[in-house]
Every structure is written in C-alpha cells, then in structure tokens.
Amino acid sequence: MADHTPHEASTGPDGEPLVVETDEDRRRVERRSGQTLPAVCFATSVVAALALAVVYAEGGQNQAEGVLLAVALGGIGVGLVVWAKRFMPEGPDTEPRGRIGSTAEDRAAFVADLETGAHTFGRRHLLTKMLVGAVAALGVAALFPIRSLGPRPGRGLKSTPYRDGVRLVTEDGDPVRPDDPGVGGVITAFPEGHVGDETAQTLLIRLEPGQLEPEPGREDWTVDGVVAYSKVCTHAGCPVGLYQEQRGELLCPCHQSTFDVLHGATPVFGPATRPLPQLPLGTDADGNLIATGDFSGPVGPGFWDINT
Amino acid sequence: MSRRHRPDRGSRVGRTARWFDDRLGVARTGRTLLDKIFPNHWSFLLGEIALYSFVVLLATGVYLTFFFDASAAPVTYDGSYAPLQGVQVSAAYNSVLDLSFDVRAGLMMRQVHHWAALLFLAAIVMHICRVFFTGAFRRPREINWVVGCTLLVLALGNGFAGYSLLDDQLSGTGIRIADSVILSIPVAGTWISSLLFGGPFPGTEIIPRLFIIHVLLLPVAIIALLGVHLGILVRHKHTHFRGDGATEDNVVGERVWPTYAAKAGGVFFLTAALLCLLGGLFQINPVWLFGPFEPENVSSASQPDWYIGWLEGSLRLMPPWELSLGDYLIPNPFFPGVLLPGVTFLLLYAWPWIEAHFTKDHEPHHVLDRPRDRPVRTALGVATLTFYVILFAAGATDVLAVTFGVSVNRIVWTFRTLALVAPVAAALVARKVCLELQRRDGPPEPLPDEAEPVADEPAAVPS
C-alpha cells in the first residue's frame with residue numbers, strides 16, 4: 001500500500017540517512033492501513049444490522065436472522081479486538097498486589113470490638129437463649145406453609161384404579177377383547193374411566209399357548225394367552241415400551257432395563273431390581289377383558305416405605 | 001495538535017466524570033478500577049465466556065418469557081405446524097410451538113437461548129478445570145472456589161429446569177426420571193416429590209413451579225453469586241502465570257482502560273456472534289418432532305442436554321442393586337442419582353482444604369502452577385474427568401449400540417469396566433506425562449523475588 005520506497009527516500013541530499021522521517025512515514029502509513037480492517041469490520045456490522053432489519057420486516061427467516069445477527073455482532077467483536085491489538089497501549093503493565101489481610105492494629109481493634117459486643121450479649125445468658133429460641137421457633141413456624149405445596153404422599157404410589165371387575169380400555173376408550181392383541185402383539189390399556197392415568201398404564205401381551213411360565217398363584221391371571229403387566233418401569237418410571245417378541249423380553253428405552261415376560265417380568269438386565277407388577281385378568285359377560293384385582297405390587301419406581 | 005477543548009472545561013468525558021464526582025465522589029475508586037491490571041492468558045477467557053453466555057441467556061430469556069405460557073391446561077393446537085394441528089396439547093407446549101413457528105424471530109431467540117445454555121455450562125466446566133489444574137483455588141481464593149462451585153450447581157439446576165418446561169415428550173421423560181430419583185431419597189423422598197409436584201407425578205403444578213424456579217429463583221441466585229464472584233476477584237486481583245516479571249506480590253498484564261476493556265468487549269460480541277450463528281443455523285431441541293408429553297409414550301435415544309449426561313450414564317451403568325433395611329428400601333436410583341452427585345460436589349467443594357491438608361501448604365498463592373509441576377493433582381483431576389466423560393458417553397449406550405451394531409448389554413458391560421479401569425489408567429498416564437515434561441524443561445523458573453524455589457508437593461514426586 002505504501003507508494004514510497006523507504007530505501008530511495010532514506011538518504012537526503014547530503015547523503016545523510018533520514019531514518020527518523022522514514023520511520024515516521026512508515027508509521028503513519030501503517031496506522032492508516034491498520035485502520036482498514038477494523039473499519040471494514042464495523043462497516044460490515046452496520047450493513048448486516050440493516051439487512052437484519054429488512055429480513056425481519058419482510059417476515060423473518062430463521063437462518064438469515066441468525067447469520068446476520070452473528071455478522072453484526074461479530075463485526076463489532078473483531079473490530080474491537082483488532083483495534084485494541086493495533087492501537088492501544090499493550091502490556092505488560094505491573095501493579096503491586098498489596099496485602100489482603102488488614103494491618104495487625106486494625107485487625108486487633110476489630111476483633112476487640114467484636115468480642116466486646118459478643119460479651120455484652122453473652123452476659124445476659126437467659127436473654128440470649130430466649131432470643132435464639134424465639135428465632136428458631138419462628139423459623140420452624142415459617143416452614144409450615146411449605147406443606148401447602150402438596151398433599152401427604154398417599155396411596156397413589158401403592159395402588160391404582162384397578163379393582164375386581166374394572167374393564168380394560170384402549171387409549172381411545174374402547175373395551176379390549178382377548179383377541180385384540182395379535183400373537184406377539186402388544187396393546188397399551190388403561191382402567192375404564194382412567195385413560196392416560198400415569199400409574200395405571202398396562203401392557204397386554206399375547207403369548208403363544210404354553211409359552212408363559214406363570215408365577216405360583218398366578219396360574220389363572222391370563223386370558224387366552226394374554227398377560228398384563230404394568231407399563232411403568234420399576235427403575236425410573238419410564239414406559240417400558242419396547243417388546244422384543246422373539247426373546248419374550250420387554251426393554252425400557254430410558255436405561256435399558258430388560259424384563260422377562262415369560263417369567264413374571266422379572267428383570268434380567270439393566271438397573272431395575274423389581275419385576276413389573278402383573279395385573280390379574282378375566283372377562284366379563286360380554287367377553288371384554290377386565291381386571292380381577294389390582295396389580296401384584298406397587299407400580300413404578302421404588303421408594304422408602306414401598307414395603308410397608 | 002488541534003486540541004479544541006479549553007483546559008478549564010476539559011473534554012466531554014472529563015466534564016461528565018466531574019459532574020458525577022461532585023455528587024458521588026467516585027474519582028478515587030474509579031481510577032483504581034481503570035488502572036486495574038488483568039493478566040493475559042487464553043485460559044482466563046473461559047470464565048469471561050461463561051459470563052457473556054449468561055448475558056445472552058438473560059437477554060434472550062426475557063424475550064421468551066413474553067411468549068411462553070407456563071400452564072398444563074389442555075388446548076387444541078391450531079398453529080401453522082401442520083402435523084400437530086388438531087392435537088390436544090398443554091398450553092405450555094402450544095406456546096412453544098407458536099413461538100417457534102408463528103412469532104417472527106421467535107425460533108431464533110429460542111435456539112440462541114438453548115445454545116447459550118449449552119455454552120454457559122461448557123464454559124463453566126472448562127473454567128473450573130482451569131482453576132483446578134493451575135491451583136487457582138488455593139489460599140486466599142477458597143471462598144471464591146466455593147462460590148464458583150455453587151454457581152455450577154445453580155447453572156446445572158437451571159439448565160434442567162429450563163429444558164423441562166416445554167412439556168414435550170423428551171422433557172416429560174426427564175422429569176419422570178428426576179421424580180424417580182427424588183422418590184429414592186430415604187425417609188423424605190415421597191414427601192419432597194409430593195410437595196414439588198403438588199401430588200403424584202405428573203400433575204398440573206410442575207410446569208408453573210419449574211417456570212418460577214427457572215426465571216426467578218435460580219437466575220436471581222446466579223446473578224447475586226456472580227456479583228460476589230467478581231467482587232472477590234477484584235479484591236484478590238487476578239492470578240497470573242510465571243514470566244514477564246510476575247511475582248507473588250504484583251500483577252502483570254494489561255490495564256482495564258482502555259486495552260483490556262476493548263478486548264473483553266470484543267470477546268463479548270464474539271461470544272454473542274457465535275451463539276447467534278449456532279442458533280440460526282443449527283437446530284436444537286426441535287420439540288415439534290418429539291411431540292407433546294404423554295406418560296405412556298417414550299422414544300428410544302432419549303438423551304438429556306450434555307451437562308446432565310453424566311447422571312443419565314450413571315443411572316444406566318448402575319448394577320441392579322438396592323438396599324433393604326428391614327421394612328424399608330433404598331431404591332437403586334439413589335446410588336447413581338443422589339449419592340454419586342452428592343459425593344461429587346462434596347469433594348469438589350472441599351478440594352482446597354483436602355489438598356492443603358495433604359500438601360501442608362497453607363500459604364497464599366497468586367502465581368499459578370503449571371499442571372506438570374503438580375503431577376499428583378493433575379493425575380487426580382485427569383482421573384476424575386475421565387470417569388465423568390465415561391459416564392457421559394454411557395448416557396448414550398442405546399445410540400452407540402445402534403451405531404456400532406453391538407448389543408446394548410455388551411456396551412453396558414464395556415462401560416461398567418471402563419468406568420472403573422480407565423480413570424486409574426488415565427491417572428497413571430497423566431502423572432507419567434507430567435514427570436516427563438518436568439524432566440524435559442527442568443524445574444520451574446524461580447520467581448524474580450524468590451530466594452528458593454516453590455516447595456514441591458511432598459507426596460508427589462519421590463526424588
């Protein structure tokens with residue numbers, strides 16, 4: 001950019017080198033050319049900001065907004081950094097750190113004042129104790145309204161709306177017949193009147209005759225090879241949504257707990273420790289599936305007093 | 001020399017300063033601030049980037065609150081996203097769809113907000129690593145270390161609260177898992193869950209409550225602690241590395257005014273620019289693809305935002321153990337979901353005192369360590385990072401199984417093994433590298449005013 005050549009201009013008429021003048025020239029030129037980049041950055045930023053306003057006025061477009069905003073901000077950013085690097089005084093500068101702690105006298109005086117005050121409080125033993133007691137009592141009383149945030153954790157954790165005779169319905173509220181799940185198929189069902197109930201979601205699985213090895217006491221809990229388990233994972237409560245028919249296993253997509261459908265949905269892999277509770281099934285006079293009781297145990301993730 | 005302003009009136013800047021000083025007496029403090037020295041090192045930018053991400057979070061977040069409806073009330077979606085038209089969704093989810101499709105610049109703001117949260121956490125974690133590996137937590141900075149750890153906890157909590165608000169399938173699944181972890185807390189778990197959710201999961205209360213937590217309680221706490229964090233930083237003056245005449249008694253760097261202010265301002269604009277670029281071009285959290293939350297639905301490949309990944313991984317890797325105490329039960333999620341993070345943060349908070357206990361070094365330090373000069377600390381840090389990176393990767397066991405065509409079971413067992421073995425191996429390697437680097441470049445150069453070199457960690461290097 002410099003259109004003069006320093007070597008030619010660097011000697012005067014008497015052959016003396018004109019170093020000073022040349023350096024000053026060069027600095028001036030550098031200063032001017034050094035300004036170009038930050039100036040272009042700021043100008044680009046202005047253009048991008050105007051374009052952003054146009055894009056917005058024209059109805060907006062996500063990608064264009066993002067890019068233009070980035071250019072507008074980035075122009076200012078690059079401009080500032082380059083400006084600072086080229087034209088602002090650079091370090092290293094040094095300042096003394098100074099001490100952090102106070103002087104010994106200040107500290108002693110402060111501690112003395114503190115102790116005198118504490119002593120004044122401490123002399124009235126009874127009053128001090130009463131004050132602490134009063135504040136503590138107030139603190140406890142002030143905690144009570146927290147109780148309004150929610151009800152006592154109730155039987156909801158341990159029971160569901162299923163009772164003897166409650167019909168099972170689909171997500172659309174239609175009654176389920178034993179042959180609705182095709183062989184190897186799975187249906188999600190709910191107790192009638194509680195469609196979408198988080199704790200009562202139930203998986204109906206149709207097994208081949210003889211495949212199921214029922215747990216003792218649950219021999220008559222199935223209808224025509226249809227077995228019902230809670231869909232709520234006993235690990236962290238996700239819906240156990242993936243049925244691997246060939247292996248007879250239910251897989252939880254959240255943490256990969258795996259349950260053996262053929263053997264009481266006992267966990268065979270992953271972090272779950274308890275089987276999926278089973279729902280005893282029967283049919284009503286119309287041949288629709290009903291529950292003959294609640295699940296075989298508490299549904300969903302474990303908690304402190306689950307066994308009480 | 002064309003100085004036009006008269007010496008008696010001064011420049012406009014000067015006049016303004018005088019006007020304020022007449023009324024507030026700020027000249028002395030102001031000058032101290034302007035002349036403050038900030039040391040130069042790329043790693044000192046990490047905390048700044050966290051701060052600037054937070055500024056972007058506040059700006060975009062305030063905008064989002066004007067459109068977000070924190071309510072679980074059922075509404076029928078009739079916006080311009082065709083696949084969900086006519087579907088019954090919550091008012092919260094509905095408002096997010098409107099914000100994304102029918103509010104001009106709404107999607108950009110939402111995506112910049114989400115990316116800013118990801119960068120905020122990333123910068124905090126990098127910053128805390130820098131502070132750890134260079135020993136910047138040592139006396140007199142223990143209090144600021146504790147404040148910083150608390151900021152990390154608050155940021156994690158606020159990130160989770162934020163992406164849980166949208167009531168899409170993914171966030172609902174996250175809340176469900178969080179509730180299971182809460183339920184696993186001995187004695188109080190069921191009560192905490194019931195008070196938080198206003199009854200059993202999911203109920204209708206959790207979204208408005210998380211909203212207040214996300215936009216008021218936690219941000220106010222973060223702003224207050226940021227003030228304390230920066231105030232203590234100013235009080236202590238920044239640490240610096242050896243070189244350029246740095247000693248324990250001085251600060252070497254650049255003055256705040258004008259050089260450092262210009263550069264820091266530039267970094268703010270660059271951070272914001274990066275976030276806008278990400279928010280504009282890279283889709284994040286497309287809740288319309290996940291669908292509204294239905295408790296009986298879930299999709300595989302459900303991964304949380306990156307900073308919660310280590311907890312997701314620890315839940316997945318935990319063997320099927322639980323603890324029965326008579327009639328009572330400590331369920332499985334307690335160990336990876338409550339105990340592990342509890343121990344993690346306890347050790348993190350206590351680290352300055354733990355290290356001082358073992359090194360017997362209770363002196364103040366303002367000159368930073370090079371990681372290689374503290375092989376034991378560096379090895380422990382690398383081991384810890386390795387452990388959590390493995391947990392993070394284990395949060396995607398299902399995705400890895402599909403990607404590499406291996407069974408999930410094998411992947412889980414691989415990660416269980418890695419989580420125990422890899423940290424030890426990484427620690428040994430890190431220590432070896434430190435010692436090798438030390439051998440190559442000799443002992444750290446003595447500080448200009450030091451009579452004897454810094455005492456080495458007694459337990460670190462058998463000499």
Side-chain angles (χ1 to χ4, degrees), chain A residues 56 59-60 62-63 65-67 69-70 73-74 76-78 80-81 83-84 88-97 100 146 149-153 156-157 171 188 196 198-199 201 231 235-239 241-242 253-256 267 269-273 301-308, chain B residues 37 104-105 107-108 140 173 176-177 180 183 186-187 189-191 194-195 198-202 237 244-245 249-255 258-259 262-263 265-266 269-270 272-273 276-277 279-281 295-298 300 302 315-316 318 320 322 327-329 331-333 366 397-398 408-409:
Chain A
Y56 182 86
N62 187 57
Q63 283 83 354
E65 285 160 5
V67 170
L69 204 49
L73 290 159
I76 298 178
V78 174
L80 267 175
V81 171
W83 182 355
M88 292 189 184
E90 288 227 52
D93 288 314
T94 302
E95 69 171 338
R97 206 169 267 281
I100 289 176
I146 291 177
L149 288 175
R152 166 180 287 276
L157 292 168
E171 287 170 272
T188 299
E198 199 269 335
T199 58
Q201 43 183 311
K231 196 181 176 180
H235 170 237
C238 293
L242 301 175
C254 284
H255 306 103
Q256 288 77 49
F269 188 77
T273 49
F303 50 93
W304 178 245
D305 52 351
I306 191 170
N307 296 322
T308 58
Chain B
I37 302 286
R104 228 184 269 187
L107 180 61
M108 202 256 318
T173 304
R176 184 65 181 102
I177 297 168
S180 305
L183 282 173
V187 186
T190 52
W191 268 105
S194 188
L195 293 180
F201 171 89
K237 300 194 165 86
D244 280 341
D249 300 318
N250 67 8
V251 195
V252 178
E254 279 170 348
R255 277 174 210 290
T259 312
K263 285 185 184 174
F269 282 103
L270 288 173
C276 290
L277 200 63
L281 296 184
E296 69 270 26
N297 291 341
V298 71
S300 57
S302 293
L315 281 167
R316 289 180 185 216
M318 184 67 193
E322 59 185 15
D327 276 349
Y328 296 100
L329 176 75
N332 180 285
H366 302 291
T397 42
D398 50 343
V408 175
N409 302 26

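All of these numbers come straight from a predicted model, not from anything done at the bench. Letters go in sequence order (proteins before strands), and every chain restarts at 1.
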Please determine, among [options], the option with the most heavy-atom pairs under 4.5 Å with chain A.
options: Gly189(B), Gly279(B), Gly253(B); result: Gly253(B)
options: Pro202(B), Gly245(B), Ala272(B); result: Ala272(B)
options: Leu107(B), Thr173(B), Val408(B), Val187(B); result: Val187(B)
options: Leu277(B), Leu183(B), Leu315(B), Asn409(B); result: Asn409(B)
options: Val251(B), Leu270(B), Thr190(B); result: Val251(B)

Of the non-hydrogen atoms in [X] and [Y], which two are nearest, and what is the gap between them?
X: Ala84(A); Y: Ala262(B); answer: CB-CB, 3.8 Å
X: Pro320(B); Y: Ala272(A); answer: CB-O, 3.3 Å
X: Leu80(A); Y: Gly266(B); answer: CD1-N, 3.7 Å
X: Trp191(B); Y: Pro151(A); answer: CZ3-O, 4.2 Å

Sub-4.5 Å side-chain heavy-atom contact between [X] and [Y]:
X: His255(A); Y: Asn332(B); answer: no
X: Thr94(A); Y: Ile37(B); answer: no
X: Asp93(A); Y: Val252(B); answer: no
X: Arg176(B); Y: Pro301(A); answer: yes
X: Asp305(A); Y: Asp327(B); answer: no
X: Pro200(B); Y: Glu198(A); answer: no
X: Leu329(B); Y: Phe303(A); answer: no
X: Pro333(B); Y: His235(A); answer: yes

How long is the span from the [atom1] atom in [X] to the [atom2] atom in [Y], to the nearest 0.5 Å?
X: Glu296(B); Y: Lys231(A); atom1: CD; atom2: NZ; value: 6.0 Å
X: Thr188(A); Y: Asn297(B); atom1: OG1; atom2: CG; value: 7.5 Å
X: Leu195(B); Y: Arg152(A); atom1: CG; atom2: CZ; value: 11.0 Å
X: Leu281(B); Y: Gln63(A); atom1: CG; atom2: CD; value: 6.5 Å

Quiz prompt | Test salt bridge (charged side-chain N to carboxylate O under 4.0 Å, His left out) applied to Glu254(B) - qualifying residues, sequence neighbours left out | solution =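 So Glu254(B) forms a salt bridge (charged side-chain N to carboxylate O under 4.0 Å, His left out) with Lys263(B).
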Quiz item: Going by atom types alone, do Glu322(B) and Thr273(A) pair a side-chain donor with an acceptor below 3.5 Å?
Solution: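 Side chains of Glu322(B) and Thr273(A): pair found under 3.5 Å.
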Judged by atom type as modelled, is there a donor-acceptor pair below 3.5 Å linking the side chain of [X] to the main-chain atoms of [Y]?
X: Arg316(B); Y: Cys254(A); result: yes
X: Asn307(A); Y: Tyr328(B); result: no
X: Thr259(B); Y: Glu90(A); result: no

Self-check item: CZ (Phe269(A)) with more than 12 external heavy atoms under 6.0 Å
Solution: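 Yes, because the 6.0 Å sphere around CZ of Phe269(A) holds more than 12 heavy atoms from other groups.
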Name the member of [options] that forms the most heavy-atom pairs with chain B at distances under 4.5 Å.
options: Gly237(A), Gly270(A), Gly74(A), Pro267(A); value: Gly237(A)
options: Ile146(A), Val78(A), Ile76(A); value: Ile76(A)
options: Pro92(A), Pro271(A), Pro89(A); value: Pro271(A)

Self-check item: Proximal component of Pro186(B), with respect to chain A [non-hydrogen, under 4.5 Å]
Solution: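 Both the backbone and the side chain of Pro186(B) come within 4.5 Å of chain A.
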Quiz item: chain A heavy atoms under 4.5 Å from Pro331(B): which part of the residue, side chain, backbone, both or neither?
Solution: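 The side chain, not the backbone.
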Quiz item: Can you say whether Ile306(A) sits under 4.5 Å from chain B via the side chain, the backbone, both, or neither, judging by heavy atoms?
Solution: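 For Ile306(A), side-chain heavy atoms alone lie under 4.5 Å from chain B.
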